[in-house]
Amino acid sequence: MGQAAGPESAWGKLACDLYAGFVKIVAILQTYNEQRFIGDCLDHLAEQGVSAYLVDNESTDETVSIAESRLGKNLIGIESLPRDGHFALDSQLVRKEELAQSLDADWLIHQDADEFRVTPDRGKSLAQAIGEFDEAGFNAVNFLELTFVPTREEPDHDHPRYRETMRSYYPLLPWFPNRLNAWKRQDGPVNLSAQGGHVVSFPGLSMAPRSLYSRHYVFLSLDYAARKFGPHRYAPDELARGWHHWRASVSPSSIELPSKDDLRWYVADHLLD
């Protein structure tokens, strides 16, 4: 799985390095207790020629210490955002909007730790693809979301090898664009919070005509879902606004895992369907 996620030849790596040198891309991550994902996410971004900045929401596990080991590599900084007892998406997005004005970057990506952004072209990195869009005059990129989930046949992937074992997925496209959250740095402010981070907006937005891909590992087992979701996790005012949908009401007993026969099977990034 790791080979498919990054450049697949010496030339691919060289091209990735060249594009990364001309177009500086920074993914802004927000985390809370993401020790399972954060190291893999940062390493994947490095393979893709992308730097990262971490806003941690007062994690109580090893998220920050794992991330700190990547400082000086592709992780350029870590800061703490007060949690106030709840997951508060709005305050996170406002902080990301502020960082989009202050970070040293040509392009920004609104990124979660359980997402792995890739291109549909074999051997092409994110740095290459975004560099090409930039050269063509576009200033925003959409991602098609491929959602990876446990199945009835294989229900537990809460271990370090989850990307190797959890290969069943389905495409998720409730509207288009659904994940328009990579953009070229603007002279003025951008708006992420209006649509919950799914769609960035700013004057003069010109979306690239071709979408890239995002492998999204929503949960790794029913026990993992019980720890990650539920109404206790989210800010009450955001629940009142209708945010977080099923994540706020889910319980392990309410989740019916699909059969792997009803899903698609991951082989490689360029073969994602």
Side-chain angles (χ1 to χ4, degrees), residues 5-6 16-17 19-83 87-118 125-127 129-131 133-134 139-141 143 179-193 196-202 212 214-217:
C16 175
D17 292 342
Y19 272 101
F22 287 110
V23 178
K24 184 173 183 179
I25 308 165
V26 176
I28 311 174
L29 289 92
Q30 185 280 332
T31 52
Y32 174 70
N33 289 356
E34 296 285 8
Q35 64 180 17
R36 176 65 74 211
F37 291 109
I38 187 60
D40 291 336
C41 179
L42 291 171
D43 292 345
H44 173 79
L45 289 169
E47 292 173 0
Q48 297 292 314
V50 177
S51 299
Y53 185 91
L54 178 63
V55 180
D56 184 72
N57 209 188
E58 297 186 330
S59 290
T60 58
D61 64 0
E62 298 302 313
T63 297
V64 173
S65 61
I66 293 170
E68 286 175 339
S69 68
R70 274 75 175 176
L71 285 168
K73 298 176 183 178
N74 70 317
L75 182 62
I76 61 176
I78 302 174
E79 67 176 64
S80 180
L81 183 70
R83 184 168 178 78
F87 177 92
L89 179 60
D90 193 55
S91 63
Q92 296 166 19
L93 295 175
V94 168
R95 180 57 184 147
K96 287 190 175 188
E97 292 169 351
E98 295 170 351
L99 287 166
Q101 299 298 300
S102 62
L103 290 174
D104 179 17
D106 299 312
W107 279 72
L108 291 306
I109 302 175
H110 164 50
Q111 171 94 20
D112 290 330
D114 58 4
E115 296 175 327
F116 294 81
R117 309 293 180 103
V118 298
S125 69
L126 281 182
I130 291 176
F133 290 143
D134 183 273
N139 59 17
V141 178
F143 292 82
R179 297 306 304 271
L180 183 64
N181 42 35
W183 67 96
K184 188 170 184 175
R185 180 173 177 167
Q186 301 297 299
D187 292 334
V190 302
N191 191 318
L192 274 173
S193 53
H198 281 261
V199 178
V200 67
S201 61
F202 53 84
L212 304 181
S214 175
R215 300 198 316 263
H216 188 193
Y217 297 80

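Values reported hereafter were calculated over all heavy atoms of this structure, with side chains retained and with hydrogens, waters and symmetry mates removed.
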* Asked: Looking at residues at least two apart in the chain, or sitting in another chain, which of them share a ring-ring contact (aromatic ring centres under 6.0 Å, His included) with Phe116?
  ->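 Expected list: His44, Tyr217.
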Drop me the distance from [X]'s [atom1] to [Y]'s [atom2], to the nearest 0.5 angstrom.
{"X": "Lys96", "Y": "Leu103", "atom1": "NZ", "atom2": "CG", "answer": "11.0 Å"}
{"X": "Arg117", "Y": "Gln48", "atom1": "CZ", "atom2": "CD", "answer": "11.5 Å"}
{"X": "Phe202", "Y": "Asp187", "atom1": "CZ", "atom2": "CG", "answer": "11.0 Å"}
{"X": "Asp106", "Y": "Asn139", "atom1": "CG", "atom2": "CG", "answer": "13.0 Å"}
{"X": "Ile28", "Y": "Gln111", "atom1": "CD1", "atom2": "CD", "answer": "10.5 Å"}
{"X": "Leu212", "Y": "Leu126", "atom1": "CG", "atom2": "CG", "answer": "6.5 Å"}

* Should Val200 and His110 count as side-chain neighbours, where that means a heavy-atom distance under 4.5 Å? ->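 Not touching, per the 4.5 Å side-chain cut-off.
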* To do: Answer yes or no: is there a side-chain heavy-atom contact under 4.5 Å between Val50 and Asn74?
  =>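 Heavy-atom side-chain distance check fails, nothing below 4.5 Å.
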* To do: Sorted by first residue and then second, give each salt bridge (Lys or Arg N to Asp or Glu O under 4.0 Å) pair with at least one member in residues 66-81; sequence neighbours left out.
  =>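 Listed once each, the pairs are Asp43-Arg70, Glu79-Arg95.
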Can you sort out the partners of [X] under side-chain contact (heavy atoms from CB on, under 4.5 Å), two or more places apart, ordered by chain and number?
{"X": "Gln101", "value": "none"}
{"X": "Arg185", "value": "Leu108"}
{"X": "Thr63", "value": "Thr31, Glu34, Gln35, Ile38, Asp56, Ser59, Asp61"}
{"X": "Ala52", "value": "Leu29, Leu42, Leu45, Leu75"}

For [X], what residues pass the salt bridge (charged side-chain N to carboxylate O under 4.0 Å, His left out) criterion, not counting sequence neighbours?
{"X": "Asp112", "value": "none"}
{"X": "Asp104", "value": "Lys24"}
{"X": "Glu97", "value": "none"}

Side chain to side chain donor-acceptor pair (under 3.5 Å) involving [X] - partner list, sequence neighbours excluded:
{"X": "Asp114", "value": "His216, Lys228"}
{"X": "Ser65", "value": "Glu62"}
{"X": "Trp107", "value": "Asp134"}

